[in-house]
Amino acid sequence: QVQLVESGGGLVQAGGSLRLSCAASGRTFSRYNMGWFRQAPGKEREFVSTISWNIGSTYYADSVKGRFTISRDNAKNTVYLQMNSLKPEDTAVYYCAAGTSLLGLRQGSNYDYWGQGTLVTVAS
């Protein structure tokens, strides 16, 4: 069992930055792929970024590539999402997720554990 707790959300002006954190419980954090997904009001949940457990490969949605950076600190059981050059369309609840499958890393269905989410609001 893995419990995930996100933090770092808030209100920011367009062009600003935020860093989200996701703290995981359990001793096997290093064996999980860690992903970030988001859900804007009235929209479906979408993939944002993920980092694999094995070699730390990173993947990004086209909409955030070049602006967001995912990283992980296995010693702290924490994954981060550094978000720069934020846009109003980045406004959403951001969810952290953990999974073990190396297939379909962009698909939420391949993640086993989810956090409660943290709200990011980008004002224009």
Side-chain angles (χ1 to χ4, degrees):
Q1 189 79 8
V2 176
Q3 292 185 327
L4 305 173
V5 179
E6 302 96 335
S7 62
L11 174 64
V12 64
Q13 294 294 316
S17 299
L18 283 174
R19 188 177 80 155
L20 304 183
S21 300
C22 174
S25 65
R27 294 177 291 178
T28 59
F29 173 80
S30 63
R31 301 302 298 269
Y32 283 91
N33 307 310
M34 298 300 298
W36 287 97
F37 292 76
R38 67 187 183 186
Q39 187 167 19
K43 296 188 177 180
E44 294 187 353
R45 183 182 65 194
E46 65 175 358
F47 167 77
V48 175
S49 181
T50 189
I51 183 166
S52 70
W53 70 265
N54 53 349
I55 58 174
S57 298
T58 58
Y59 305 90
Y60 298 92
D62 288 343
S63 59
V64 307
K65 198 173 296 182
R67 300 188 298 121
F68 290 11
T69 302
I70 191 170
S71 61
R72 65 189 299 161
D73 185 337
N74 289 338
K76 295 183 178 180
N77 281 12
T78 301
V79 62
Y80 304 97
L81 185 68
Q82 178 66 44
M83 305 186 296
N84 298 329
S85 302
L86 283 161
K87 304 175 181 179
E89 51 263 44
D90 294 318
T91 295
V93 177
Y94 284 71
Y95 297 92
C96 172
T100 57
S101 174
L102 290 174
L103 300 176
L105 288 172
R106 296 172 183 262
Q107 299 172 14
S109 58
N110 289 325
Y111 291 80
D112 306 305
Y113 302 100
W114 292 83
Q116 294 298 307
T118 185
L119 177 63
V120 172
T121 303
V122 184
S124 58

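All heavy atoms count here, side chains included; hydrogens, waters and symmetry mates do not. Counting from 1, the numbers follow the sequence of the chain as shown.
Sequence neighbours left out, the pairs with a member in residues 30-39 that pass salt bridge (Lys or Arg N to Asp or Glu O under 4.0 Å) are Arg38-Glu46, Arg38-Asp90. Pairs of residues two or more places apart, or lying in two chains, never qualify as salt bridge (Lys or Arg N to Asp or Glu O under 4.0 Å) while including a residue from residues 72-83.
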message: Walk me through whether Trp36 and Ile70 qualify under side chain to side chain contact (heavy atoms under 4.5 Å, CB included).
response: CA-CA 9 Å; Trp36 287 97; Ile70 191 170; 3.6 Å; yes
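You'll find the side chain of Trp53 stays beyond 4.5 Å of the side chain of Phe29, heavy atoms only. Residues Tyr111 and Met34 have side chains not in contact (no heavy-atom distance under 4.5 Å, counting atoms from C-beta outward). Inter-residue side-chain proximity for Thr91 and Glu89 is flagged as unmet; no heavy-atom pair is nearer than 4.5 Å. Residues Ile51 and Asn33 form no side-chain contact, since every pair of their non-hydrogen atoms from C-beta on lies 4.5 Å or further apart. Counting heavy atoms from C-beta outward, Thr58 and Phe68 have side chains that stay 4.5 Å or more apart.
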Enumerate donor-acceptor pairs with a distance under 3.5 Å from any side-chain N or O in residues 112-124 to protein atoms, sequence neighbours excluded.
unit_1, atom_1, unit_2, atom_2, d
Thr118, OG1, Gly9, N, 3.2

Got a list of side-chain donor-acceptor pairs under 3.5 Å for residues 10-25, not counting sequence neighbours?
unit_1, atom_1, unit_2, atom_2, d
Ser17, OG, Asn84, OD1, 2.9
Ser25, OG, Gln3, N, 2.9

Tell me which donor-acceptor pairs under 3.5 Å the side chains of residues 96-109 have, and how far apart each pair is, sequence neighbours excluded?
unit_1, atom_1, unit_2, atom_2, d
Ser101, OG, Leu103, N, 3.1
Ser101, OG, Leu103, O, 3.3
Arg106, NH1, Tyr60, O, 3.1

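Formation of a donor-acceptor pair under 3.5 Å by the Ser30 side chain with backbone atoms of Asn74 is not found in this model.
Looking at residues two or more places apart in sequence or on another chain, you find no salt bridge (charged side-chain N to carboxylate O under 4.0 Å, His left out) involving Lys43.
Taking the six-membered ring wherever Trp is involved, the centroid distance between the rings of Phe37 and Tyr95 does not fall below 6.0 Å.
A continuous path of ILVMFWY side-chain contacts below 4.5 Å connects Val2 to Val79, so both sit in one hydrophobic cluster.
For the atom pair OG (Ser49) and OH (Tyr94), the distance works out to 11.0 Å, reported to the nearest 0.5 Å. With values rounded to the nearest 0.5 angstrom, Thr28 atom OG1 is found 10.5 Å from Gln1 atom CD.
The shortest heavy-atom contact between Thr50 and Gly35 is OG1-CA, 3.7 Å.
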